[in-house]
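Each ligand, and each atom within it, is numbered from 1 in the order the structure gives. Just so it is clear, the structure is predicted and the values come from calculations on it, not from any experiment.
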Amino acid sequence: MRFVMAGLGGYTALAQPLQAAGFSQSLLDDVLDEAARFAERELAPIYHDADRLGVELVNGQVRIPELMKSAYTQFVAAGWPSLSGPVDYGGQGLPSFVSVPVNEMWRSANLAFALAPMLTNAAAEALFEHGNETLKEQYLEPLVSGIWTGTMNLTEPQAGSDLGLVQASADLVGGDYRLRGRKIFITWGDHDLTDNIVHFVLARTPGAPPGVKGLSLFLVPKFSLADDGSPGPANDIVTVSLERKLGIHASPTCVLSYGERGGALAYLVGEPNAGLACMFTMMNQARLAVGVEGLGIGERAYQKALAYARERRQGSLPGHDGTVAIVRHPDVRRMLMTMKSLQQAMRALAYWGALNIDLGRVEGTAEYAARAAFLTPLIKGWCTETAQEVTTLALQIHGGVGYIEETGAAQLFRDARITTIYEGTTGIQAGDFARRKIAADGGATGRGVLSELRGQLAADAADAGLSGAARDRFQAALNAAEAALDSLVEHYANEPQRAGGVAVPALMCFGTLLGGAMLLRCVAAAARNPGSGVGTDYLAGQAMLAEFYAAQLLPRARAFADAVVAGGASSAVLPDTSF
Ligand SMILES: Cc1cc2nc3c(=O)[nH]c(=O)nc-3n(C[C@H](O)[C@H](O)[C@H](O)COP(=O)(O)OP(=O)(O)OC[C@H]3O[C@@H](n4cnc5c(N)ncnc54)[C@H](O)[C@@H]3O)c2cc1C
């Protein structure tokens, strides 16, 4: 993690705001060390037991296993929830470039647990950006500190990817909004970790226009506040049921019914009918966060598979007497190298995205903001799709016992599966990427990214000690991505159906290429800076990862680009009845 952080130059680029906020590099290093300790000692050990115990709904109240409750209490006491929160409201104001690696550790250690602070952070950011002063005064500090948690309530049975179909409503009654409606799949929608829960709910006000333009965002507390700001009477919210699901069993996924007894007291956040824009603050945070979930869970799967491959003995090899550890077998090494290099590429891409978000805030330029927006669906879509591959390879390396629950490889595989679905499916991310982030600006942001990579490729490849063949593969992948970009711009203008059918290959092409290019950038940066503390063996290993990536994984970017250029006409024209 430190290798990638240093390689991307984040400390240098953010030196001024970090120093102004009192953060030296050594202090930030301490933060990473402490987070690692907390993740290893408190969160990772309860991951399997919490999954086995699961959550339950008892008399309308969701109960969380005691071991998760105790971990959460310690998490709050140690100040972890407030890491990136606004300083005026008790936060520590750390940039994403530092909070993202810390969050990666929580998600590696215990995904079900990590979802509660993840959504709370996103909720706090939405309130900070869009809430009025009274709401901020009342709710922001408890959310930033984690003594209350936040949720995100978008989905209804008929409104999943298409939020224009949301029906929940909020009426003004005697000066207060009263909210009614049913929300499904609400993560950490109810629990007994904290004494209040603050729901952020999309709903319509009377006479609002149809579709997404008529959505408003409301803050709806589980308990209304007493005069002294503490939780008072229960609001009109019922936890109807808990979903039984494939993974993340220790994270309650709730069906919530609002307003069965006259209407839940709700407060408008932002302007009426501007709910989606406000919710987008939350969703963008959450999309980056879910991308980092893919990275985190993949890392744990890799480490687990590696440990098993070193210990399990099967088969022999030419020149060996007796059986060897399976890590010696070429095909197992292929799987491990695939996982390891994909992990480092995902990490480099995700941290680069975080750095662009921070630079956008610090510099206030549209260019960084556009680049961060370009990278967000890529990080979400590519890292979570890649996590499917990494966790399935981990299971494969375990052989038969991987399929048996006791080893834990199956849990990682199950838990990773949700990441390509919630916070917008891969199809939705890809549509956003190809249409809004590429076609809408005529490909300008994408071309800017590609030309930056092209400008650095020769120097990075030389400094990283990449072979000529590997450098040529990077060059070829860049050319292919450029052709894919041109083709998308042209087809979205003339034949949007054809372009939409290849949005996912476009996302996968750019994710594969940019992840690899950022990995290469980190290797080159360390090679240029021998005094940076990166050990020679470690650097040689990372250079080998870049070489492996170029040979074995980067060709996928070209294949995806070919599919984009070919276009999705065939799937678009096949009559529905012929499927
Ligand atoms: C465990 C879990 C936790 C969740 N947590 C939350 C939460 O906290 N808050 C919340 O509000 N929601 C939450 N969700 C809901 C989640 O965000 C939705 O399930 C998701 O957005 C997809 O919506 P859907 O299930 O209705 O699928 P649909 O929208 O019906 O999609 C079905 C398929 O059609 C595709 N599709 C649909 N529309 C398009 C399109 N326009 N272009 C291309 N493809 C399309 C999708 O990609 C998908 O493959 C959670 C879900 C789960 C399972």
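Between F38 and W106, the ring-plane angle classifies as perpendicular under the 30° and 60° cut-offs.
Here the protein heavy atom with the shortest distance to atom 18 (C) of ligand 1 is T155 OG1, 4.3 Å. Among all protein heavy atoms, the one lying closest to atom 4 (C) of ligand 1 is F185 O, 3.1 Å. Ranking protein heavy atoms by distance to atom 47 (O) of ligand 1, first place goes to T425 OG1, 2.6 Å. Ranking the protein heavy atoms by distance from atom 53 (C) of ligand 1 puts I418 CD1, 3.3 Å first. Protein heavy atom nearest atom 37 (C) of ligand 1, with residue, atom name and distance: S161 OG, 3.6 Å. Among all protein heavy atoms, the one lying closest to atom 45 (C) of ligand 1 is I428 CD1, 4.1 Å. Scanning the protein heavy atoms around atom 26 (O) of ligand 1, the nearest turns out to be G160 CA, 3.1 Å.
Remark: of the listed residues Y267, Y177, F200, Y177 is the sole one forming a ring-ring contact (aromatic ring centres under 6.0 Å, His included) with F218.
Legend: residues meeting ring-ring contact (aromatic ring centres under 6.0 Å, His included) with H191, ordered by chain and number and at least two apart, are W188.
Annotation: cation-pi geometry satisfied between K136 and F128 (NZ/CZ under 6.0 angstrom from ring centroid, within 45° of ring axis).
Listed by number with element, the atoms of ligand 1 under 4.0 angstrom from any heavy atom of L154 are 10 (C), 11 (O). The distance from ligand 1 to the heavy atoms of M152 drops below 4.0 Å at these ligand atoms: 7 (C), 8 (O), 9 (N), 10 (C), 11 (O). Below 4.0 Å from some heavy atom of I421 lie the following atoms of ligand 1, by number and element: 20 (C). Taking every non-hydrogen atom of E423 and a distance limit under 4.0 Å, the qualifying atoms of ligand 1 come out as 17 (O). Near T187, meaning under 4.0 Å from any of its heavy atoms, are these atoms of ligand 1: 3 (C), 4 (C), 5 (N), 6 (C), 7 (C), 8 (O).
Ionic pairing of R178 and D171 is not present here: no N-O contact between side-chain nitrogen and carboxylate oxygen is shorter than 4.0 angstrom. The pair R414-D51 counts as a salt bridge, with a side-chain nitrogen and a carboxylate oxygen less than 4.0 angstrom apart.
The ring-ring contact (aromatic ring centres under 6.0 Å, His included) pairs that include a residue from residues 276-299 number zero, where partners must be two or more places apart or lie in different chains.
Within the 4.0 Å cut-off (strictly below), no protein heavy atom is located near atom 33 (C) of ligand 1. Counting only heavy atoms, the protein gets under 4.0 Å from atom 39 (C) of ligand 1. Checking atom 30 (O) of ligand 1 against the protein gives no heavy-atom contact under 4.0 Å. For atom 49 (O) of ligand 1, the nearest protein heavy atom lies 4.0 Å or farther away.
Of the possible donor and acceptor atoms, none in the side chain of E385 sits under 3.5 Å from a partner among the backbone N and O of T426. The closest donor-acceptor contact from the side chain of Q388 to the backbone of T384 lies under 3.5 Å.
Atom CD of Q61 has more than 12 heavy atoms from other residues, nucleotides or ligands within 6.0 Å.
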